[in-house]
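Presented below is the structure to which this report refers.
Each chain gets a letter, A, B and so on, in the order its sequence line appears, and its residues count up from 1. Here the structure is a predicted model, which means the values were calculated and not measured.
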Protein chains: 2
Amino acid sequence: MRKTVTIEPKQKRSQRTRERIFRVAAREFAAKGLAGARIDEIAARARINKERIYAYFGSKEEMYRDVLVACYAKAASNQRLQTLTSADIPHMTGIIIDTFFEIHRRNPEFWRMLAWENLDGGKSLRARDWESIRGAYIRPLEALYGEGQTNGVFRPEVDFNTYVMLLFAATYFYYSNRITMSRLLNLKLQREEVRRQVEAQFLAILDGGMAASRQR
Amino acid sequence: MRKTVTIEPKQKRSQRTRERIFRVAAREFAAKGLAGARIDEIAARARINKERIYAYFGSKEEMYRDVLVACYAKAASNQRLQTLTSADIPHMTGIIIDTFFEIHRRNPEFWRMLAWENLDGGKSLRARDWESIRGAYIRPLEALYGEGQTNGVFRPEVDFNTYVMLLFAATYFYYSNRITMSRLLNLKLQREEVRRQVEAQFLAILDGGMAASRQR
DNA sequence: CAAAAAAACAACCATATGGTTGGTTTTATG
DNA sequence: CATAAAACCAACCATATGGTTGTTTTTTTG
């Protein structure tokens, strides 16, 4: 058991190698999940020896966790999501839907990693990891939603959690279940034009349903 | 290669054995997916010899496909879904949401099999299989929705596919992403009382957003 | 009940898999 | 430029895996 635990490799070559392994691993894990991913395959595609993987990452599980954290962080780092202000409140639902769609479009591994994680019982991440993800993902939205409720833009009886969950559900589902839904409904959800149409209709429903002025 | 292809086993013992294997396999595949499921594990849990699995089902993949089809069919066979009438149109959104939640509550393997399938690229089922799933799942709803649109109950600019997709997305997501969402939002989505609250709020938003009378 | 057919099983096989070891090459630095 | 540390690699290991085979046990039926 060699306990090198190279947290910060000193050599540039190794830096590059590590990154190359990481990129390949991310693709592999997103594609096949923790159980389905093959160490040999990752090594071959990264054009390195298996042993390097264990030197850099310790084990398959640890490498998986690293990939997972990085994937969530990258998705949450979205520009628009992080720069919302009070001025956006009136159109917030539309902006969030559009931003969530954009996050999924730009990070094709995101929904996959989430899906694997949920199927796996969510045992890969620690409470601390979630704390930071929560900070990155939720903080930009929570305060603004409260403000919107106070100002009478959003219905007071719908709480923030439900709101985020429904918006995220719609966009996540569009990607995560594209294949089965396309077959079930005879649609071509891969097409960007279809996606835009669906987005417009999702917005029509969700914005309409959220507006406080439309309360009974 | 023994080509018995026992489509309809003559013996009662074998009938029971086959069913036992099938039940165990369904649990195993739902839990771990096609790649993660272990033939040895299924054999052990069903208290039979591995060879029986190959005699009855041919291969791992074929058995998986059988399980998948049965799982979709079972979910679609839901009583309330299959007995909707024109009289239900005014409260259709609420009924569908409630029914979809019920389907997931009663078939814990359903969302899992769907999730595995989407991650896997949806290569397990043939067009014919989808044809029949489509019939069972969609037929009861499509006509009624059209009727609702004609009668001015539903917004004319939101089409049926989007409507079903959004309702299904909300309920599916609640189950499929329960674990990660609970951690992200500091909630306890496993609790039935929380689920009921969320359902009520989903309904408030979606019903509000669908009603034609609330159009701008 | 005897013989044939079906069901069941123990043992086996080739290959794949996550992980390790001991030695060789490359790189930075005194 | 010598040398030690880091990076790298070929070969190896134990175990697990999907799938098969030859034989024995159980069930059905003339």
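Following rounding to the nearest Å, B:Ile42 (CD1) and D:dA16 (P) show an atom-to-atom distance of 17 Å. At whole-Å resolution of the value, CZ in A:Arg16 and C1' in D:dA6 are 15 Å apart. When rounded to the nearest whole Å, the span between CD of A:Glu62 and P of C:dG18 equals 15 Å. The CD atom of B:Glu19 sits 13 Å away from the P atom of C:dA7 (whole-angstrom rounding). When rounded to the nearest whole Å, the span between CG of A:Asp40 and P of D:dA16 equals 17 Å. For the pair B:Arg47 CZ and C:dA7 C1', the computed distance is 16 Å after rounding to whole Å. The interatomic distance linking A:Tyr64 (OH) with C:dG18 (C1') rounds to 17 Å, in whole Å.
For the pair B:Arg38 and D:dG18, the criterion of a side-chain N or O lying under 4.0 Å from OP1 or OP2 is met. Taking only side-chain nitrogens and oxygens, A:Thr17 never comes nearer than 4.0 Å to OP1 or OP2 of D:dA7. Considering only side-chain N and O atoms, B:Tyr54 lies nowhere under 4.0 angstrom from the phosphate OP1 or OP2 of D:dT17. Between B:Tyr56 and C:dA6 there is no side-chain N or O to OP1 or OP2 distance below 4.0 Å.
Proximity note for B:Arg52 (side chain, C-beta onward) versus C:dA8, D:dG18, D:dC8: the nearest is C:dA8. For B:Lys60, the side-chain atoms get nearest to D:dG18 when compared with the rest of D:dG18, C:dG19, D:dC9. Taking only side-chain atoms of A:Ile39, from C-beta outward, the nucleotide of C:dG18, D:dC9, C:dC9 with the closest atom is C:dG18. With D:dG18, D:dA10, C:dC9 as the choices, the nucleotide that has an atom nearest any side-chain atom of A:Glu51 turns out to be D:dA10. For B:Ser59, whose side chain is taken as the heavy atoms from C-beta onward, the closest listed nucleotide among D:dT20, D:dG19, D:dC8 is D:dG19.
A donor-acceptor contact closer than 3.5 angstrom links the side chains of A:Tyr163 and A:Thr93. Looking only at atom types and distance, the side chain of B:Glu147 has a donor-acceptor partner in the side chain of B:Ser86 under 3.5 Å away.
Between the side chain of A:Lys50 and the base of C:dG19, a donor-acceptor pair under 3.5 Å is found. For D:dA10, the base has a donor-acceptor partner in the side chain of A:Asn49 [N/O atoms by modelled type, under 3.5 angstrom].
Residue A:Ile53 is classed as having no contact, given no heavy-atom separation below 4.0 Å to the nucleic acid. The residue B:Ala37 sits close only to the backbone: its heavy atoms come under 4.0 Å of sugar-phosphate atoms, none of a base.
In terms of heavy-atom proximity, A:Arg178 sits nearest to A:Trp111 at NH2-NE1, 4.2 Å.
With respect to B:Arg106 and B:Glu102, a salt bridge is recorded, a charged nitrogen being found less than 4.0 Å from a carboxylate O.
Ring geometry, B:Phe160 versus B:Tyr145: the interplanar angle falls from 30° to 60°, so the pair is classed tilted.
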